[in-house]
Each structure stands twice: as C-alpha cells, then as structure tokens.
Amino acid sequence: MPENSDIVKVFYEIADLLDLLGETFKPRAYRRAARSIEALSEDLADIATRSELEDIPGVGKAISQKIQEFLKTGKVRALEELRAKVPSGLVELLRIPDIGPKTVQKLHEKLGVSTIEQLREALEEHRVRDLPGFGERSEESIRRNLELYIKQQQRSPINTVYHLAQKLLNVLGGLSGVEKIEVAGSLRRWRETVGDLDILIASEKSEPIMSAFTQLPDVKQILAHGPTKSSIIIRDGMQVDLRVVKPENFGAALQYFTGSKAHNIALRRIAQKRKWKLSEYSLSDKRDGRIIAQRTEEEIYEALGMPWVPPELREDTGEIEAALENQLPKLVELSDIRGDLHVHTKWSDGRDTVESMAQAAIERGYEYIAISDHSKRIKIAKGLAETKLREQIEAIQKIDEELSDIRILSGVEVEILSDGSLDFSDDVLAETDVVTASIHYDTRGSEEEMTERLVSAMKNKYVDILAHPTGRLVGERPPYSVNLDKLMETAKHYHVFLEINSHRLDLPDVEARRAKDRGLKLVVNSDAHWANGFEIIKFGLAVARRAWLEATDVINTLPFSKLHRILKHVHIN
DNA sequence: GCCGTTTTCGGCCCGACTGTTTTCAGTCG
C-alpha cells in the first residue's frame, strides 16, 4: 500500500526536475501540493475513495489525476517522462548550497557536468570560473559548498542545538547596544531537528554587533557578512545566522524569521488579498506604504484577523485556518504537568536513588512520579528480576510513606519479548501500581511481526502505557517497522496510553497528532535516568505542543486523585 | 499547475547578500 510520503517524494522530484527545465510556477505548484499532503493526517487512498482529492489545498485536476494514477499503478508517468529528459545526477547537484537550477543548467550545458564527481573534476581543472557570470570567487565558493555538502548534510537533534543556542544567546545578549534577543527559525518552533540556528537581535546599531558575531572565538567559516545579516559556521559544524533589526521592526522580523516558510507564505497570501504586504520589516499597505503593524507579533496576527499563533504550530498544517476561526487549541504547558510516569533509578540503569529522584521531582512541583526500572531481560541495563522488583516495591512503599509532598508509584518498564509476551508474569505485574511496556531488543522484525508483538503486549490487562512506541531515537536510531494505525487502534480499544518520550522524541509530533485525532490520550514522560534528567521534559512537551495537544489530552496533567482512576491497578494506601 | 471579496485569465511572497556586473541574476530563508 503506497503511503502519503511516497507521493510526496514524487511531487518534490517533479518540482526539482521542472526547475531544471526552466519552469517557474509549476514547480511551486507541485511543492505546495506536496507540503499539503505531508500535513494530512489521513491516507490519500481514503480521500481518493471519497473523490475529495481536489479539496486538498494546492491540489487541482492535474495533480489529483497523478495521485490516482500513483495509487493505482505505483507510478506516475509524467515523472518517468521528466526523468528521461534530465540526466539523473542533476537533481542531486541542486542539494549543494548556493547551487540552484540556473547554475546546474549552466554546469551541464557548458561543461558537461551531470554528477557530483564530474563537478569535482571541473572544479579541479578550474573550468567553472570560465562560465559566463562566474569567476574565481564563485568557483571557490562552489568548491567550499561542495565540501560542506559532502561532509555534513545533516540536521542536529533539538536537545544538542538547544544548549548551544542558550550559550550564544548569553554571549550575544551581553554585547552593547542589544535591546532584545531571541532565537527564531525551527528552534523557536521546537522542531525535533534543527538545520541551522537563527538568532534575531533588536538594536539601533547593527554593524558593531555583526563584527563581534563574525569574530566569535568558535567561528570556523564566514559564509556571509552584511550590515544587517551574517552567517557563520561554528566549530562543531553548525551554521548560525544572525539578523539585526531596529527595535520597532522586531515583531515583524521575529515573525518572519520564525517561519516556517510555508506558514509565512500562507500569511502573505492573506495580506496580499487585502492589498497589504508582509515583510521582515512590517505589515504595510501596498498602495501608500502606511505601516499597519510591526512592533510585536501579536499586532501583526491581529491585523491579519487572527490571534497570535504559537510558534510550535506554525507549519501551515491547518493552524492558520483554525486561527482565523478562533479555534486554535489551548496548548498544554509545562505548568500543566503534575508528574512523570517514566523514571529510572540505581536499581537498574539509573544513576540516582529513589529518594533523590523523588526530591528532584518535589523541587519541580510534581505531585507524583512512577519509578519504572527495566525488567530482567534487559541485562545491559541491569534489569530487575522478580525478587529484586519485590524488594524495590517494598522500599518504595516506605519512602512514599516518609515523603508527604509527593506520591511515589511502583512501576516497571517491562520488556516485550520477541514472541509478544511480557518479561514478568501477571501476578508480578499485579503487585506494581503502573506497568509500562516497551521494546529494547530484537527490533529487526517485519512490520507484521513487530506490530503483532506490540499489539499482543497491549492486550495484557495490566499494561497501562506503551513507552517509545516506534522505537526511534531522534538523530540516532530509526523506528522499527510497525503499523501505527493498528497500534493506535489497539491502544484505544485496550485503554493503553501512548508515550511521548522526551529523550527519544518518540512518538514523533506528526504521529502524536494522529493519535489525538483518533481520540487517544497520551503521557509525556522524561525517561529520566538521573535527578537532573527531569528537565528534558521540555522537549517532550514541545512534541506534544507541535501535535496540537491540550492539557486534557495528556494524562500526567491530572491530579493524582484522578490519575489513579484511569490507571488499571494502582494500590491506594 | 492552481486559484478567485478586483479575476475562469493572469497572476503567483519578499528582501538581503554575493559575485558578477555597470544595473542585475541567482540563491536563500
């Protein structure tokens, strides 16, 4: 069964090929359709069955037909025809920074370059500098960009970039003349990975700030250095873009640089209809240049007829329509979170004791935590055998009685074995308060096998939570093959809560949103392995917010008095 | 190729920076 993402790839490739053939507007149309489809929470096949493909924004007659053709045959003839017209390596050349369709065309027509390898040769033989409109400098720039492309075409997980950003904000925020400083871009939207880091500063004088920025001790390469906009590569390979604007333009600039690109394009279309234009400086009247809004994001959104849209939602996946109808969700916030149901201790592979984890949770203002150490099958994580687990349950009970500020639940992160059975028998599970099931080993089964394994675990009458349901670890490990629709259906039927794991970012935002759409409740857990580990909940919370989740969609926003009623077997004392 | 509170034809987001030009094209975000 073809997935939406397969047809998305087809349309992006068609767009690239049309670019290379010199088309201007058709590529945009295909990209717009591709983005719309990426945002769907429903299978194209189902939409096609209802003959509603053309209701998708950006999808008209021609694209609708191509979707149907793809669903039927698994191919799109128009794509095959385009591929036949364009040498196969050219599309990859477009991936190199600063090389666009026009440059690729020239490289191919004048120099016969159609692959990365041929480009490298042409650069070595200094043939690129002889192209019309090119010179020594542009040849050198292409050489560097090619190196960059080969070395690191990767986005970094948000947790690593987040801390780098905090450091840069501290340094740059301390420069004289800086009135305001904010991160923008995908980091402000809390995307799970970040390609480059965007920082925005409000100041009356930009040049000194730009000079200081490009002379930071960690700068490895300066990509651009203008009076208001500069880009650098810092030592660990991350690209950082800095933009300085006047304080009165800060709102418009922040809106603009936060993106996403798709969100901004959609906003501009709305502005355009009113004969206005929206730029990084202001929202203004096209006819007389009158400024309508510029100082804050709130003013700009309000002028466009909608409330301020939280950055996490700005992906053009329905948030603008919702905002226009005043139907934005009231997103779950950190202050809504009352506890954490996935916490490890020294008993298995954690670093700290039950007491210190409880103390750290109290300091965060939590009402409850569940200690859920690994089960015996996971030897590498010192998984607990039955006797150890029983000892731990007793120990936790004691500590729970001593500490009046918090409830400590006895939980377990029980391994789902290869055959779908659990690492503990039911009578052992029954002694705990909350059971979290998950998979850590033997993850290479087929989609059917992995799905069946997870489904049979969820059918166990003691399982409350399925932890990191897809198995992915953002930036490191891909998900296992699993049918998430089936998984969600089962979770709903057997009252299992799917986890958003703050360390792995699993479920991913898109899937968490689908889960909500299906009426499931989720739990946002830290998976903390030491006392300072609770703070990473902010990354899981960001996933929840990007998934449009409200407090009522997240069970660990409930007070304990209500939470224990929806878990299957909490022992109340 | 898509779309419609000026439109079923004629538009399609906006501006900074770079390198090559001598007024601009290409790329990016």
Side-chain angles (χ1 to χ4, degrees), chain A residues 11 14-15 18-19 21-36 53-67 78 82 93-107 128-142 144-145 184-186 188-189 194-200 206 210 214 222-231 239-245 249 252-253 255-284 286-287 304-305 316:
Chain A
F11 288 153
I14 290 181
L18 288 169
D19 265 339
L21 291 169
E23 294 276 1
T24 4
F25 295 107
K26 285 187 192 180
R28 273 192 222 178
Y30 279 102
R31 290 200 177 93
R32 174 147 189 249
R35 276 198 308 267
S36 282
L53 287 173
E54 290 188 37
D55 293 346
I56 301 168
V59 175
K61 211 169 170 191
I63 290 184
S64 159
Q65 272 169 7
K66 291 186 178 70
I67 295 173
L82 285 169
L93 293 176
L94 287 173
R95 303 278 99 81
I96 301 168
D98 283 340
I99 292 191
K102 296 294 190 298
T103 305
V104 172
Q105 266 173 357
K106 267 187 218 163
L107 286 169
V128 175
R129 64 179 61 173
D130 299 329
L131 288 172
F134 282 69
E136 256 179 72
R137 292 174 70 93
S138 39
E139 182 178 270
E140 185 49 33
S141 149
I142 290 180
R144 281 205 311 266
N145 284 325
S186 51
R188 183 160 180 252
R189 302 199 311 280
V194 174
D196 47 28
L197 191 50
D198 296 301
I199 298 177
L200 183 66
S206 63
M210 281 300 157
T214 51
I222 299 171
L223 298 174
H225 182 177
T228 65
K229 183 181 175 181
S230 299
S231 294
Q239 179 177 332
V240 185
D241 297 342
L242 176 66
R243 183 73 182 243
V244 180
V245 298
N249 302 120
Q255 195 290 314
Y256 176 83
F257 288 106
T258 298
S260 65
K261 192 173 178 174
H263 176 87
N264 287 355
I265 289 173
L267 276 192
R268 287 217 177 86
R269 293 169 75 100
I270 293 175
Q272 215 180 18
K273 277 183 202 159
R274 304 189 181 192
K275 294 285 180 225
W276 296 344
K277 82 177 167 171
L278 179 60
S279 74
E280 58 259 59
Y281 296 105
S282 64
L283 178 64
S284 63
K286 242 181 185 169
R287 293 156 295 194
L304 291 171
D316 193 25

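All values reported here derive from a predicted model rather than from experimental measurement. Below, chain A is the first sequence line, B the second, and so on; all start at residue 1. Reckoned from all heavy atoms, side chains included, excluding hydrogens, waters and symmetry mates.
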Going by 5.5 Å between centroids and 30° between planes, is there a stack of A:F25 over B:dC2?
no

Answer syn or anti for B:dT7, where the cut-off is 90° from 0 on the glycosidic torsion.
syn

Could you give the distance from CD1 (A:I99) to OG (A:S141), rounded to the nearest 0.5 Å?
8.0 Å

Selected nucleotide, minimal atom distance to A:Q272 side chain, candidates B:dC12, B:dG29, B:dC2
B:dC12

Ring pair (Phe, Tyr, Trp, His ring centres under 6.0 Å) partners for A:Y256, two or more places apart
none

Here the gap from A:T103 atom OG1 to A:D98 atom CG, rounded to the nearest 0.5 Å, amounts to 8.5 Å

Could you measure between the two C1' atoms, the one in B:dG1 and the one in B:dT5, and give it in whole Å?
24 Å

Which nucleotide in the list B:dG15, B:dC13, B:dC14 gets nearest to the side chain of A:K286?
B:dC14

Would you tabulate the nitrogen or oxygen pairs shorter than 3.5 Å linking the protein to nucleotides 17-19 of chain B?
unit_1	atom_1	unit_2	atom_2	d
B:dC17	OP1	A:T228	N	3.1
B:dC17	OP1	A:T228	OG1	3.1
B:dC17	OP1	A:K229	N	3.0
B:dT18	OP1	A:H225	N	2.7
B:dG19	OP2	A:R137	NH2	3.2

Consider the side chain of A:R268, meaning its heavy atoms from C-beta on, and name the nucleotide among B:dC28, B:dG1, B:dC14 that approaches it most closely.
B:dC14

Rounded to the nearest angstrom, tell me the gap between atom CD1 in A:I265 and atom C1' in B:dC2.
14 Å

Closest to the side chain of A:R32, out of B:dG15, B:dT27, B:dC3, is B:dC3

Please state how far atom CG in A:L304 lies from atom P in B:dC13, giving the value in whole angstrom units.
15 Å

A:R269 side chain N/O closer than 4.0 Å to the phosphate oxygens (OP1, OP2) of B:dC13?
yes

With hydrogens left out and only the distance checked, is there a donor-acceptor pair under 3.5 Å joining A:K102's side chain and the base of B:dG26?
no

Rounding to an integer number of Å, can you tell me how far A:R28 CZ sits from B:dG1 P?
15 Å

Nearest-nucleotide 5' precedence on DNA chain B, A:P57 against A:K273
A:P57

Take the protein atom CG of A:L283 and the nucleotide atom P of B:dG15, then report the distance between them rounded to whole Å.
12 Å

B:dC28 versus B:dT23 - spacing of their P atoms, nearest Å:
26 Å

Below 4.0 Å: OP1/OP2 of B:dA16 and any side-chain N or O of A:Y281:
yes

Return the CD1 to CG distance between A:I265 and A:L278, rounded to the nearest 0.5 Å.
11.5 Å

Stepwise salt bridge (Lys or Arg N to Asp or Glu O under 4.0 Å) check, A:E280 with A:R243:
CA-CA 10 Å; A:E280 58 259 59; A:R243 183 73 182 243; 3.3 Å; yes

Is any side-chain heavy atom of A:V240 closer than 4.5 Å to one of A:D196?
no

Measuring only the P atom in each nucleotide, how far is B:dC2 from B:dT7? A whole number of Å is fine.
22 Å

Closest to the side chain of A:K66, out of B:dC28, B:dG1, B:dC14, is B:dG1

Measure from CD1 on A:I142 to C1' on B:dG26 and round the result to the nearest Å.
11 Å

Base, sugar-phosphate, or nothing for A:Y30, non-hydrogen atoms under 4.0 angstrom?
sugar-phosphate

P spacing across the pair B:dC9 / B:dC14, given as an integer number of angstrom
25 Å

Backbone of A:S138 reached by a side-chain donor or acceptor of A:R129 within 3.5 Å
no

Dump the intermediate steps for side-chain contact (heavy atoms from CB on, under 4.5 Å) on A:I142 and A:I96, then the final yes or no.
CA-CA 8 Å; A:I142 290 180; A:I96 301 168; 5.6 Å; no

Rounding to the closest angstrom, what is the interatomic distance between B:dA16 and B:dG10 at atom C1'?
29 Å

If we take the C1' atom in both B:dC12 and B:dC17, what is their distance in whole Å?
24 Å

For B:dC3 and B:dC13, measure between their C1' atoms and round to the nearest Å.
16 Å

For B:dT22 versus B:dG15, give the span between their P atoms, rounded off to a whole number of Å.
26 Å

Any donor-acceptor pair under 3.5 Å from A:N145 side chain to A:P97 backbone
yes

A:A62 side chain: which of B:dT27, B:dC2, B:dG29 is closest?
B:dC2

Would you kindly give the CG-to-P distance between A:L197 and B:dG29, to the nearest whole Å?
14 Å

For the side chain of A:P101, counting heavy atoms from C-beta on, which of B:dG29, B:dG1, B:dT27 is nearest?
B:dT27

Gap between atoms CG and C1', on A:L18 and B:dG1 respectively (whole Å):
9 Å

Which part of the nucleic acid does A:T103 contact within heavy-atom distance under 4.0 Å: base, sugar-phosphate only, or nothing?
sugar-phosphate

Checking A:D316 side chain against A:H263 main chain: does a donor-acceptor pair fall under 3.5 Å?
no

Under 4.0 Å, counting only non-hydrogen atoms across every strand here, what does A:L267 touch: a base, just sugar-phosphate, or nothing?
nothing

Between B:dG26 (P) and A:D19 (CG): distance, integer Å:
12 Å

With a 3.5 Å limit on both atom pairs, tell me what B:dC24 is paired to, counting Watson-Crick and G-U wobble, or say none.
B:dG19

